[in-house]
Structure formats: C-alpha cells, structure tokens
Chemist: 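Here's a structure for you.
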Amino acid sequence: MGKHYDVVIVGAGISGGLLANHLALAGKSVLILEAGPASATDRSDYMETFYLSSNKFPESPYGPAIVNPNNQAEVVDPATEAAGRATVEGLINATDPDEPSLRDKPYLSYLIQKDIKAATATTKAKNTAFASTYERMSGGTTQHWLGTSVRLFPNDFKMKSTYHVGADWPLTYEELSPFYDKSEVEIGVAADRADQEKLGLPFSSGYKYPMPGIPISLVDEAVSKALQRDGGMQALGKKVFVTPTPQARNSIPYKSRRVCAGNTNCIPICPIQAKYDASVTINDALQNGAEILYQTVATNVSVDPMTGRISGIEYVQYQSPTGGVSGRGTAVGTIYVLAAHAIETPKLLLLSNKQLPKGIANSSGKVGKHLMDHVIYLAWARGPLNQPPYYPYRGPLSTAGVESLRDNPFRKDHSAFRIEIGNEGWNWAAGDPYTTVLDFIDGTNNGQLNPSEGGKRSKSKFRGGLSRAINDNLTRTFRLGFLLEQDPQESMCVVPATNPKYVDRLGIPRPQIQGYGISEYTAKGFPVAAKVASDIFRRMGATEFTQLKGGQQFTLDGTTFNYYGAGHIMGTCKMGSSKADSVVDRDLRSWDHSNLFILGSSVFPTVGTGNPTLTIAALALRAAERIAKDLSTPSV
Amino acid sequence: MANTSQPDINTFVDLSVTLTQFKKSLLAPFADKVNLKQQYLDKLVKEMGADKVNALFQRYKDLVAAKTSDDAICEQLLNSEDTSETAGDFSYMARNILKMWYLGAWFPHAQAVAPTDVAATERGAPSTHLMAPKPGERSGREEAPAAAYQIISSDAYVRGFAWRAMQAHPMGYSEFTFGYWAEKPPALAEFLPPQDPPQEQK
Amino acid sequence: MNIGRAASLLAVSAVFVAAGCKLIESETRGKTSPSSGDTAPANGPGANTDKPVNTQTLAESDKCFDTSSLTDADYATAQVRSDLPCDRGPLPNAIPTSMRQAPWNVPNENADRIQLAFNYYSWLTFIGLNWPVAADGSPGTSKTIGQEGDNQTVWETWKSSYEIFLPDGSDPGPWDTPRAPPAACAGKFTKGTPILQQLGKTPIGVVDEHQQPFKTGPLVDQQGRYARFQILVNQPMFEYIRQNKLYSKAAQQDFGPAQFPCGSNVLAKDAFGKGPAVSQPALGPIMVKAAWKLLDHTRDDASRFHTSNVLVYTPPSQDPKVEERCEPALAGLVGLHVVHKTASAPQWIWSSFEHVDNVPDKTDVANARFKPRYNFYTPGCTQCTATNEPPPKPWQPNQQARPSQIVRELPIGANDPAAPPVSALFQQKLRDISAKSVWQFYELISAQWPSEPPTTRCQISRIKPMGEPIPEFLANSTLESYTQKPTPQTGSSCIGCHNNATTWTAKHADFTYLLERAR
C-alpha cells in the first residue's frame, strides 16, 4: 500500500492547483493525479506547433497531437490516444455516431455527441452539438483561456428568486466576495476597481486589484465613442457602455512573469506567459511540497460501504501519449477532491463503483445533468473607409466589452449577455487575414470584402494595390462576441459513452453528450443580441458583414443562427441547498460522502453572465479553507 | 527542352520585388541569416519542378527585357486572358509567390471556381477549399479542408507581410511593448517601405 | 598592411584595437546599394580617415584594410586566423567602446563576416573585462591578463544588482560605496568579498530572492550543488540608474521608457596619427551576467577556472520555505554574458562565453564523443535529471540536489562558424602569455547583434524594435539551460527576451530586467 495523503486531488487545473498550493503551504500532504503531461519548461514545442498549424485552434499547440503534422488534413483518431480531449477538429466531425448522416467519421470526435439529427433543420432549437473544448494537462484549460477575469453579478447567484429562471446558488455574492479578492491576487488580475463599481459591483472595503487595469484598444475606443454619441445608447432598459475587462495578464511585472506585450494570441497560447495559466500555481504547489503523478488517469472512486466515506481512487498510467496502460494503482487519503472539470468529473463518477444503487455522489441522480455553456453570437463589421481605422490585430485578444447589459429586466424572458469586443479583426469571424488576403490575390470573395466585378471574378491584386487593399479593409475590421447564458436543463447531460466502441487508448469510455441543444430561453436572446450588434455598428457608421456560415446552427421562429461554444463548460455536478436535488453543498462537499469534494465549474447551478474562471478560483479557495479546517479536526 | 537547372535566386528576388513593390531589402536583407527568399524559392521548386519555375523566370526576364512596366508584368502573369496550361501555371506560381511573402505559407491548388460559383460565394456559402484558421475556443463546424495549406516555417510565419500591411504584427509574435495597442501605429510606409524608384537606363 | 607602423602606434596608445585596425561600424551595413562605395577597396590602415566621423547621422565610416581578396570560406579556416590583421601585437587591456574597434572590415551582404567582427570585438571585450584590475577599478598597466595563471578582474569590482536595488528602494550611494554583506554573512565578510546569492538566471531574467526565487529551474553541478549567478553593471550603467533614481519603485512611477546612453564610439585621434580631432571614446553601459560553480577541491581542477573566494548567501524564505545560510566557498567561473549598448546596436551586443568543460554539444552526445569530464553533464548518468530539464521540485538550494544533465542544443559554430576560430586565436594568445592562464579555458558561444541598423543613433526602430538579431537564437548552457530550442518567442534569444523587459510602469526598460528589481 502506498502513502496515505491528507488530500488526493484529481486534476491539475486551476481548482486543483489553488487547493493543492493552499494546503501544501499549510503543511498538509497532497497528491495530485493528472491525466495529461506536465506543462513543458521550455514552451518552444507548443509555440512551434502553433506557428506551423494551418488551423490555429485553441488546442493546436498542446498534446496529444490533433492532426498528423505531416498532413494536417488528417485528424488523429482519439481511440489511439491515452488521454484525449474535446477539440475543434473533433467538433468538425461531430454528429451522432449511430446516425452519421452529416459527417462520415463521427468517431474522430473524442466527445461522442448523441442525438444530433441534423445540424440545421431543427425548428425547436435542440439536438445540436456541444461546441466547447478543454485541455488535459498541467494547467488544464487555462493553458488556452483568454484570461477574462470578471466577477459574477449579485443577481447571477439568485436567478430563481429574481427572475424565476433556473436555480439560486446556495451562496451569495457577498459570501464569495472575499474569495474573489484572494483569487485576483493569487492569479494576478489587472483591473481598476472604479470601472467595476460603475457596474454596481460591491467590493470589500479597501480592496484594490493587484495590478492596474490594462489599457483599452483603439477598437474599444471606437466602439465606446459611438456608444456615447447622441445622448448614449440604450438597450434592454439599460445604458450601453464599454467597460475595460479585468484580465489575468500582467500590466506590471508580477510574480516573476513578464508584462503583456500584446501578442494578440491569448488563445491558444501566450508566448511569454504574461497571461496566467494554472501550471504556474501547480509549480508553486510542487515547490511547497505537493506531489503529482502525471499521465495518471483516475478510473474509479472507491467507497467504503460501511461508512459511506470514499476509500481510494484507482488509476491507470501510461508512458506515451499513444501508448496503452503501463501501470495501475490506488491513491489513498483522508480527503478526496475531484477537480477534473465538468465533463471528465461526472464521467468518472458515473464510471465508478457500482456498490451503491445510484453510484458515487449521486443519490440525487443529478450527476452529469444540467450541462451548460455560454453560447456565442458573433457579429462582425468593417468601419467606414473614409474614417480613421481601428487598427485591430494589436493588443490582447480582447481588452474591453459591454458589461452593462449582463443583468437586465428582460432576463426573466430570455438570456442576458455580456459583449466581448475583439481585437483580432475578423480572425475568428472569417479566418482573416488569410481569407481576405487570399481573396485579393485569387480574386475570390470568401470574406466578402472583394466583391466581383460586373459578375466576373475580380482580378488578382498585386503591388501597391494589394497592400493598400489589405490596409484599407483589414485595419477597419472588428467583431463583437455575445456570450449568452444557457439555463440549466436536466436533459442536457454527460455520460460515459454507451457504445463500447467509443473508448480511448486506455480502454476508458469517452464522454458522451446527450440531449444537448439551445433552449428557448437561450435562443430568444439571439435576435436580441443581433439587434444590439446591428445598432452598435450603425452608430459607428460601420458596414455589417455578419453572415450565416457552416458550423453549429439552430433555428428560432424561422431564422437560423450560428452559435459557437465559449469553452465555458459548466453544470453537471450541481451545488445546492438540498441533498435531494443537488450533488454538493455550498462548501462543495458531496452530500453523500463527507470526505469527497467536487471543485470547478461543474458545481455551478446557473452560469451567470460572466466568464467562469474567476468564480471557479474563488470557490476553490473557499473550499480550501473548509478542507483545511476538516483536516485539523480529528474526526470529520 | 525543359530547363531543369537550379532556378536563379536573384531572379526570384527581382520577380518578388516586381510582384510586391516592396523595397528589395525587405525581401532580401543584407545580412540574411533566416534566408526566407531561399526557403520560398525551394518551396516553389519543390511544388512545381525546376522546369516550370525556370520557364516563369524566363518569361519574367523576357518581359523585363522588353521594357514592360512592372504593373504590366504583373497583369500578364496574374491576370492573363490566356487559358493555356502554361499561363495557368504562371498565374498559380505568381500568386503563390505573393502568398508566401504575405502569409508565409504555400497554398495548394484551390478547387477551380467557375464563374457561376462566384455569386454563390458572395451570398455567403463559405469556401471549403481553404481552411482558414478559426481561433477562439469556439469554432463552428466547418467543412474539413481538402488539403491543408502549409506554413513554410515558424520564421516564415512571423515574417509574413500581411501583418505589416495591417500595421500590426503576426498573432503570437509581437515585438512591441505593453500598451502599444492604445496608440496609433507608425505609418504604413514605415512598415512596408516601397520599392526604390526605377533606375535610369544605363 | 603596415605592421611596423601599427606596432609603433601601439606603444603610444595602448589601445591595441585601434592599431591599424580602424573598422567601419556596423551601422553602415545595408545602407548602400551594390554600386556604392561600400564595396570599393579601402587601402590599409588610416585610409579614409580624413573624412569626419559623423556618429550622429551614422554616415559611412572608414575602413582600414581591404578584405576583398578573402573568400567566403576563408574566415573559418586556420589560415585566415593568421591573417587576422590585428593579431600581431600584445593583447590590449582596454574594453572596446564599440564595434568600430573590432578589427575587421565588414563587407556588404555577408552576415558571417560581420559576425566575425562581432566575435573579435567580443573577445577583445572579454580580455578587457578580465584584465588584472588596477586600484581604481580600471584595467591595470603593470600586469598582463593571466600572466600568473589567474587574476582579479575588472568586472568583479562593478556593482552587483544587490548593491543597486536595496530592499527599501533607497539610494545605493555613489559608485565607490563599499560592498556591505547581509547580516548572516557578518563575521565571514572581508572588504570586497563577492556575495553570490542568485539561484538562477531565468529566461526572463527576473529571478530574485527578494521576490520569487524559484520560478525557473536551478542549474546543479555534477556534485549536486547549485550553480550561483550574479548580475553586475559598469559605472556608466550604474550612474544612469542612480541619476534617474530607477533603484526606487516609487521614482519609476514618474519615469518614461528607460534609455541608457550609448557610449561615444569615436576613436582617439592619435590612434591613427591623423584624422579629425575627436574626443576620447567613452564606454557605454555594460552589464555582465556571471554563472559560478562552487568548486570541490577533491574533484574539480581549480587551475582550469577563474576562481573567486566568495560568500554563498541563501536568503530566508517562507513561501517556499528556505533556511537562511551564508558560507564561504571557492567559486569557479563557468558562464559569462557581456552585454554592451552602442550607438549602432541600441538593442545592445550580447556576447556569451562559457567554460570549455561545461557541457557537450548535441552532436557530441550523438557521436559519443566526450571529454573526460563536464561541469554539467555526465555520460550515461542515472542520477541526473532528464536532458535539459530542471531538477524535480521542491528546489532546496541548501541541500544536495539531483545533478543537471545539460546538452548544448545548437553546437558551437553551427549557427556561427566564425566563433570557434576566433576563440582558438585568442586562446592561443592567452597561452602565449602563460601556459597556466586560466583564461585559455573559456570560449565564445557567439555574439548576438541587431542586423537592422538604426536610422537614428542609439534608437531602436518602431517597427522592428528587436532589429532582426543575428544569430536568431543564442543560448548559454549555464544561463539558458532550459530554453535552448530555436523557436521564435520561446527559444533563447537575448534580444528577443529582453525586449520584453519593462519598468514598474510597464514601459520599455531598454533590454534589461534589472529595473524590475527596484523596491
């Protein structure tokens, strides 16, 4: 039998990292099991892969390889990978594998996406693909996050009592606020308190963000000016104005990491690690004495049926990313923590020990249920050619947004949203600069900025004409991303793949998404978002180029919309105030097993309108205090 | 008879200057350890074969010798009405030379776009022959690429001139300092100094 | 060339490099079209020196001899070594103030030849910095470098980062303020004893025990002891910091981007016996980063190292927990970066030296071609770390650690074929002075320089602030052990990484992370 630890943690992401570091500093023995590899000391391999990837997806820099590097059109089969993960390449191939009418290789998606009948032809806005992805490695998905570190609004915690939608959290903003403070200091958030207070957010007295705010871009400036014009823009009963975004990237030297140099590449990788990622915290935890096993995948959470306490976590190990099982073991401790995010955590619970009738931590039957995301409405435009450019493609990917519509009276009827202003032109919207530059050279019009000449394909541009066309157009392009709330739906869930064909290289079932789609509550926010976008563009004198493309779609009242995943995987292990209808309590402790905690966004009862990471961190630090207290009390 | 000798790097640079109208030192710096010009010529030869490249260079030299203006040379190479295979090759190569300099990448033959398809792409059906990068964690379902384009090297990626034409920098490669994004960039002419004026006839 | 005349000039000027070796400065590169005078032969020492040297506008400078007869292959051969024009006199004791004093003409369109000049300049700098120091801190005149084997050097008398950036952000006092030890070292300290405390030189260069000592990997020698590091600056660099109070975080709040002054690159008139009346050359800012191995009397051959009796100080820390300690040790120099800002290189010139026994090249490992022993590598080592990986955490500098297994990713000479021959030339000269000279055991890895010349003296470009460094990547195996791969942004490039250095208001810090040490 191996060593007995105070705490065994599954997952070396931001939750597991913050918890491990907190407890290690307090002198507790900590073991982390991480399914993926360490974050490389020399990040050159990630950067080289990024530079050479023709599809620069969020997962592109990291392993295991998504495409064959020698033929990037060839997607790697996740069945050959020890610890795969959801990827955009997988999403491109995703459809119900039992009814592959849309894509001929649905098995190329690590995530098995059931119940997708047709991507476009639904009238009830359901049965669509879950569109977000994640990483399995030290640092987790913060390796490719944007760094947006907004707090949730007070009303985000009480959607049920305020708007009769979804559920209330068993926690209030006020209770979480001191842990927001600590999280911002720990991960390093740059923001100015006054900007946030304008939104009505209360702060602890005397609190200051650890770094000054990051300057907004010229794109933000242009949007902001237009919104202020003519007495200011109103929508949804609120004033519409631009707020600089709190960001987990350095605006001054902080914690021995460099200051942001505006590489415009936060997603997928900051080349200079000016953006926080959780491998930083994992390394701190290891320096403070925590231990970690990499390439170690938890397979079973064992329970002592007599006491109901968790007794161990069984795992398998592998040596090579495409190799099979090389070792097995059981990690044993006093307290167990699952921090493997909202897809792998419920999968592990549902795969675990069947001694109990409903399985581990699942007396409520809610494990895996209420899968949510922020879904994105994307709108894009080009500024007037006779006005000064906005100069996009400079600065962090996003430096400001509209937060003032996040909480509005119409939230009782349809989802609210925050608006993220992009600094990357039409890179996301249309694949620029590639698409438009190729249009100008080839005479095509895929990006819509190179219309045909008299019905004939336009001529190739060259010499000064080419560089001028690029400059005139692309320095005026920008996009707005609307992050819409999804309301919790019990039918949208994660389970281990039901067909034994869909396993990974270790023989572990891959996650399966079922019943996912865009609810009416969420869908009805889209036309509202579209109108706000068009109004903003009009105020700027900009020409809108938003168009329906391939990709994820749903239809509402005869209008079809594209949607994108925000990478905010939430729900599936709901936190609540009663054992009957939730998986964990307000301390993130399992109702069923007193020595089991579940961290991460899987516990979110509702998604709110803010990006989740800062709230994940605050919840983790709050749980860390609870767990430290448990450990100093002889019998829990 | 096909000329399969190694195509001349100087002709490649001259042709590149003609196509881009960039100052020669941008394409062939005096101390060129990275040597993109050679990387690009090598790629061109690898994809097309030395004989086709030599034929293009000969055509270019003939046009120069005939005192054809730079604009007219580009028109003839890129927008020729000639439907012969040779003219098609010239256009394909000339366009890829531009693409390499601007984007650091080689783009395999696109599906032929018939004139009737042009309207369709304008209406918004995205082209499927090029898989443009989709950043953001949030990409929609797009058609898989028929053939992915190839970034020639990381050095090539970070030196693509498309980014300079936007007075910006390649995504993932900034040499600028914190906060620069709140200020207007230097003028386009600083980013892309133009070709020297034509020299007097000797 | 006129050797006799050069030799006689040497006697008066003692500035070896100027002896018939006036060289064009790098800023003339690329400014000329092929038909310009750049390729026209210049003739011997002093040619063209009548033309005023205009350092303000970086006009084309003068050349001292004609290299047009040399072929591309020549410079890498032994034959060219003996043809190096300025290798016939004794080694000079002066630190060159600029590339202008590197004895090599710079033909257009050939980076390797320009590199040769930078390598030559780098070695002259190395010689000057390691010259036996006089009482006033300058290179002395009574002794020659290495004549007694080892000697105290000029740069070791400079100000270390700990003397400049005090914990309370207060004024460090004038240049001649004596070195003061930490309390834990009291009683062990005698005047001037170097204090070694830095535990790593990260890729971002900000490692500092006053804030976060452990963010990067330490380097561990084959006896399991941590290498120690030092950053020191010369007086011109120190004075700029002090005059502008950049040692204080508070004072930095009102300060814009840092701009260290470039030195004066003009030559003394009498070096050439004619020419314009110009002022004395003046050194610009220089910073030195040194890596030291703590020598083990039983296993290390101290006669192969420049050594120093030091106090190794480990400051206390709570997060992570580290015990305070101060112990005397004999330290051997294993790595030396010399970084010099000049008018034509406002991105600074980055010359990197190492002890010859540090690590094998990757190709040596592939061919199992090993030296008898290395400072940071052992063939077939089972106790060591994985190749080029830092030791496992937690890192505890006071404890025996797992030895590092470091391999040079880019073999010396692979990117810079001119580095080994120039090193061989100078090593021979050092041996000629004394067979016991420790300085013969050091070699140049390469020198990184900005290949896009500034359009304004001492100013970086707004479009390409890094100025297209050549070589694109340069790693010292003791200072950038863990980031040696050749990838833009993450691979080791001195200029590339230091371009990200900022002040406490996130303004450009002029390629030094030192200013982040202000409290």
Side-chain angles (χ1 to χ4, degrees), chain A residues 48 50-52 54-58 72-73 88 91-92 132-133 215 217 259-265 267 271 376 391 393-395 427-428 431 433-435 437-438 441-442 444-446 451-452 456-457 459-460 462-464 467 470-471 474-475 547-552 562 564-567, chain B residues 19-21 70-71 74 78-79 95 98-99 102-103 107 110 113 115 118 121-122 124 126-127 130-151 154 157-158 162-163 165-168 171-174 176-182 184-185 188 192 194:
Chain A
E48 190 72 16
F50 162 78
Y51 286 137
L52 296 182
S54 38
N55 291 330
K56 291 179 165 49
F57 291 145
Q72 296 192 18
V88 176
L91 187 62
I92 290 166
S132 282
T133 68
S217 68
V259 166
C260 173
N263 277 282
T264 323
N265 211 55
I267 301 170
I376 291 182
Y391 300 112
Y393 297 93
R394 300 162 78 243
N427 181 263
W428 176 12
Y434 293 81
T435 302
V437 170
L438 292 171
I441 294 173
D442 286 334
T444 49
N445 191 29
N446 297 312
S452 63
K456 280 178 67 184
R457 180 183 183 130
K459 286 180 160 189
S460 290
F462 49 78
R463 292 176 61 79
S467 49
I470 294 170
N471 188 263
L474 295 188
T475 58
Q547 62 170 179
L548 193 64
K549 309 185 87 167
Q552 317 305 329
N562 277 125
Y564 303 80
Chain B
L19 288 168
T20 60
Q21 207 180 345
D70 285 329
D71 280 352
C74 293
L78 289 160
N79 291 322
R95 281 188 278 135
L98 279 170
K99 291 171 191 177
Y102 270 91
L103 298 168
F107 292 79
V113 179
V118 173
T121 56
E122 276 192 5
S127 154
L130 292 165
M131 190 59 182
K134 303 284 185 297
E137 357 211 10
R138 332 101 156 181
S139 186
R141 184 184 309 162
E142 300 291 346
E143 296 298 328
Y149 67 85
Q150 299 141 36
I151 307 263
S154 46
Y157 174 82
V158 303
W163 310 97
M166 302 189 295
Q167 292 158 271
M171 293 174 78
Y173 185 84
S174 161
F176 306 128
T177 303
F178 179 82
Y180 74 84
W181 52 86
K184 266 173 65 174
L188 179 60
L192 291 179

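Lettering follows sequence order; numbering is per chain, from 1.
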Chemist: Please check this pair: side chain of A/Arg463 against backbone of B/Cys74, looking for a donor-acceptor N/O pair closer than 3.5 Å.
Modeler: no

Chemist: Within the 4.5 Å heavy-atom criterion, are A/Pro215 and B/Phe178 side-chain neighbours or not?
Modeler: yes

Chemist: So, do B/Asn79 and A/Phe462 sit near enough that their side-chain heavy atoms are less than 4.5 Å apart?
Modeler: yes

Chemist: Please give me the minimum heavy-atom distance between B/Trp181 and A/Cys260, naming the atom from each residue.
Modeler: CH2-SG, 3.9 Å

Chemist: Between atom OG of A/Ser467 and atom CG of B/Leu188, what is the distance when rounded to the nearest 0.5 Å?
Modeler: 6.0 Å

Chemist: State the CZ-CG distance between B/Phe107 and A/Leu438, to the nearest 0.5 angstrom.
Modeler: 4.5 Å

Chemist: By a 4.5 Å heavy-atom criterion (distance strictly below it), what part of B/Leu192 contacts chain A: side chain, backbone, both, or neither?
Modeler: side chain

Chemist: Rounded to the nearest 0.5 Å, how far does OH of A/Tyr391 lie from NZ of B/Lys184?
Modeler: 5.0 Å

Chemist: List the atom of A/Phe50, the atom of B/Gly172, and the distance in Å for their closest heavy-atom pair.
Modeler: CE2-CA, 4.3 Å

Chemist: Let me confirm one number: the CG-NZ distance from A/Asp442 to B/Lys99, rounded to the nearest 0.5 Å.
Modeler: 3.5 Å

Chemist: Should B/Ile151 and A/Tyr51 count as side-chain neighbours, where that means a heavy-atom distance under 4.5 Å?
Modeler: no

Chemist: Has A/Lys56 got its NZ or CZ under 6.0 Å from the middle of the six-membered ring of B/Tyr157, at an angle within 45 degrees of the ring axis?
Modeler: yes

Chemist: In terms of heavy-atom proximity below 4.5 Å to chain B, should A/Ser460 be classed as side chain, backbone, both, or neither?
Modeler: both

Chemist: Supply the atom-to-atom distance B/Gln150 CD to A/Ser54 OG, rounded to the nearest 0.5 angstrom.
Modeler: 8.0 Å

Chemist: Main chain of A/Ala261, side chain of B/Ser174: is a donor-acceptor contact present, judged purely on distance under 3.5 Å?
Modeler: yes

Chemist: Say whether, by atom type as modelled, one donor and one acceptor occur between the side chain of B/Tyr102 and the main chain of A/Ile441 under 3.5 angstrom.
Modeler: no

Chemist: Could you tell me which portion of B/Leu78 (side chain, backbone, both or neither) has an atom closer than 4.5 angstrom to a non-hydrogen atom of chain A?
Modeler: both

Chemist: Strictly under 6.0 Å, is that where the ring centroids of B/Tyr149 and A/Tyr434 end up?
Modeler: yes

Chemist: Short question: side chain of A/Tyr393, backbone of B/Met171 - any donor-acceptor pair under 3.5 Å?
Modeler: no

Chemist: Is a side-chain donor or acceptor of A/Asn471 paired with a backbone partner of B/Ala165 at a separation under 3.5 angstrom?
Modeler: yes

Chemist: Looking at CH2 of B/Trp163 and OG1 of A/Thr264, how far apart are the two atoms once the value is rounded to the nearest 0.5 Å?
Modeler: 8.5 Å

Chemist: Given the options A/Pro433, A/Gly262, A/Gly464, which has more heavy-atom pairs under 4.5 Å with chain B than any of the others?
Modeler: A/Gly262

Chemist: Measure distances from B/Thr20 to the heavy atoms of chain A and classify the residue's part below 4.5 Å as side chain, backbone, both or neither.
Modeler: backbone

